[in-house]
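The next block holds one structure in the form of structure tokens; read it before the comments.
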Amino acid sequence: MIRTDWTREEIAALFDLPFMELVYQAATVHRANHPANEVQLSTLLSIKTGGCPEDCGYCNQSVSAETGLKATKLMDVRAVLQAAAQAKDNGSSRFCMGAAWRNPKDRDMPAIVEMVKGVRQMGMETCMTLGMLTERQAAMLAEAGLDYYNHNIDTSPERYGEVITTRTFEDRLETLEHVRDAGINVCCGGIVGMGETRGDRVGFIHALATLPKHPDSVPVNALVPVKGTVLGDMLHDTPLAKIDEIEFVRTVAVARVAMPQSMVRLSAGRESMSDETQALCFMAGANSIFTGDKLLTTGNAGDDKDAALFARLGVSAMQAEIKVGLEAAE
Ligand code: SAM
Ligand code: DTB
Ligand code: SF4
């Protein structure tokens, strides 16, 4: 049953279950709603890197971070389409383009629209994450055929102001509303392992599961601690703050139980995760990952490692649902 009326107490009670019971419940919900041994593959590309005016404490693309990351301009449409073709050859069914912006400027929109149309034409699902959108920009993206828009709430409403000061939780909700109203699928999740409490993880999943409609996909990122970012440095200085892997699996499992039909994406942080922890995440209902050896700017597990993991687990890649371009014309 799809519920958007979860109480915080109910979400907290799920987290409190004995681990085996929680994973069993999550696996049961997973099997009732999704193919149990298929994982969807998405590939990321940073189409505009660094120099972002926002001050998200986890992000090395913020101007407030001192990481030496080189800022770039928006990539050419042609170069983006080349990267998308490569991702398709590697078996990816979705191509996610990310820009380090607070929001896109109207003068950027024609190139963005061309990227969406071009990638879709190749038969891949499209996803973009460009920061805050106006109603009009969301409508333009919908018109171009954008399948998903990623816009994370990142953490609990209570913790939000400690992680980001240049925008509010409500700003996030407003863009999510524009995306939903434009008819684009919502991809919305956040990060664990930022030194938050169990209560914050409860608040984070509760906020997602009580949105007017569950996000179509829910990325659960484990913080990639980058030196020179506020939170990356905190983790380097206090290694004990690192998320316990069992607690990470619990977070995935609670997301699966609370949002049965959403795709739960095991996102950033896989590079330093064991096969065993990832297997537990799949058991607990994660059914999507990012492929390739790079996320936006940091490392990812890589295709060879993932192929070996999938072979070990007997997992196969989920196919894209859309049929566009040449395939649709057949
Ligand atoms: N600028 C846009 C925005 O913030 O919406 C899009 C790009 S932003 C990099 C997308 C998401 O990546 C963030 O919301 C955050 O959840 C995740 N992210 C960024 N840096 C991360 C890190 N170091 N570790 C884990 N996740 C991270
Ligand atoms: C999301 O939740 N995770 C992805 C995607 N949405 C855009 C990004 C992870 C970025 C990790 C840090 C980096 O590589 O820059
Ligand atoms: Fe900018 Fe997005 Fe990074 Fe925040 S997460 S600093 S908005 S690129």
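Numbers here are sequence positions counted from 1. Ligands are counted one by one from 1 in listed order, and the atoms in each one are counted from 1 as well.
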Heavy atom of the protein closest to atom 1 (Fe) of ligand 3 (residue, atom name, distance): Cys52 SG, 2.3 Å
Closest protein heavy atom (residue, atom, distance) for atom 10 (C) of ligand 2: Leu296 CD1, 4.2 Å
Nearest-neighbour protein heavy atom for atom 10 (C) of ligand 1, which is reported as residue plus atom name and distance: Asn150 OD1, 4.1 Å
Closest protein heavy atom (residue, atom, distance) for atom 4 (C) of ligand 2: Phe290 CE1, 3.7 Å
Element-labelled atoms of ligand 3 that are located less than 4.0 Å from some non-hydrogen atom of Arg167: 7 (S)
Ligand 1 atoms in contact with Ala222 (distance to a heavy atom under 4.0 Å): 25 (C)
Pick from Val224, Val220, Asn221, Leu44: the one approaching atom 1 (C) of ligand 2 most closely through a non-hydrogen atom: Asn221
Test item: side-chain donor near acceptor, Glu125 and Asn185, under 3.5 Å: no
Part of His151 within contact of ligand 3 (heavy atoms, under 4.0 Å): neither
Proximal atoms of ligand 2 relative to Pro219 (non-hydrogen, under 4.0 Å): 2 (O)
Metal proximity, Cys56 vs atom 1 (Fe) of ligand 3, N/O/S cut-off 2.8 Å: no
Test item, Gly98 contacting ligand 1 (heavy atom, 4.0 angstrom): no
Crowding at CZ, Arg136 (>12 non-hydrogen neighbours, <6.0 Å): no
SB check Glu162 Arg159 (cutoff 4.0 Å): yes
Nearest protein heavy atom under 4.0 Å from atom 5 (O) of ligand 1, yes or no: yes
Heavy atom of protein inside 4.0 Å of atom 6 (S) of ligand 3, strictly below: yes
Nearest protein heavy atom with distance in Å, relative to atom 12 (C) of ligand 2: Thr298 OG1, 3.6 Å
Thr129 contact mode with ligand 1 (heavy-atom cut-off under 4.0 Å): both
Ala99 near ligand 1 by a heavy-atom separation under 4.0 Å: yes
Distance-only polar pair, side chains of Thr277 and Glu245, donor-acceptor under 3.5 Å: yes
Nearest protein heavy atom with distance in Å, relative to atom 26 (N) of ligand 1: Ile191 CD1, 3.5 Å
Atom 6 (N) of ligand 2 - nearest protein heavy atom and its distance: Asn150 OD1, 3.2 Å
Lys48 side chain near Asp108 side chain, heavy-atom distance below 4.5 Å: no
Atom 8 (S) of ligand 1 within contact range, any protein heavy atom under 4.0 Å: no
Nitrogen or oxygen of Asp154 less than 3.5 angstrom from that of ligand 1: yes
Glu247 atom CD: more than 12 heavy-atom contacts under 6.0 Å: yes
Contact atoms of ligand 1, heavy-atom distance to Arg172 under 4.0 Å: 3 (C), 4 (O), 5 (O)
Presence of N, O or S from Cys59 under 2.8 Å of atom 3 (Fe) of ligand 3: yes
Any Thr129 heavy atom less than 4.0 Å to ligand 2: yes
For Asn152, atoms of ligand 1 separated by under 4.0 Å from a heavy atom: 11 (C), 13 (C), 14 (O), 15 (C), 16 (O)
Whether Arg102 lies under 4.0 Å from ligand 3, heavy atom: no
Heavy-atom proximity to atom 8 (S) of ligand 3, best of Gly131, Ser64, Ala65, Ala100: Ala100
Heavy-atom neighbours of Arg31 CZ exceed 12 at 6.0 Å: no
Within reach of ligand 2, part of Thr297 (heavy-atom separation under 4.0 Å): both
Interfacing atoms of ligand 1 (cut-off 4.0 Å, heavy-atom, Trp101): 1 (N)
Distance-only donor-acceptor check, side chains Thr297 and Asn60, under 3.5 Å: yes
Carboxylate-amine/guanidinium contact Asp293 Lys305, below 4.0 Å: no
Geometric cation-pi criterion Arg250 and Phe19, 6.0 Å radius, 45° cone: no
Polar proximity ligand 2 side, Gln61 side, N/O cut 3.5 Å exclusive: no
Atom CG of Asp304: over 12 foreign heavy atoms under 6.0 Å: no
Face-on cation placement of Arg198 at Phe15 ring, 6.0 Å and 45° thresholds: no
Positive for side chain to side chain donor-acceptor pair (under 3.5 Å) with Ser288, one of Arg94, Arg265, Glu38: Arg265
CD (Glu21) with more than 12 external heavy atoms under 6.0 Å: yes
Exercise: do Thr291 and Thr43 side chains pair donor with acceptor under 3.5 Å: yes
Pair Thr129-Asn150, side-chain donor/acceptor within less than 3.5 Å: yes
Which residue and heavy atom of the protein sit nearest atom 21 (C) of ligand 1, plus the separation: Tyr58 CD1, 3.8 Å
Heteroatom distance test (Val224, ligand 1): nitrogen or oxygen, under 3.5 angstrom: yes
Atoms in ligand 1 flagged as close to Leu296, the criterion being non-hydrogen separation under 4.0 Å: 9 (C)
Heavy atoms from other residues, nucleotides or ligands near CE of Met234 exceed 12 (cutoff 6.0 Å): yes
Electrostatic pair Arg8-Glu158, nearest N-O below 4.0 angstrom: yes
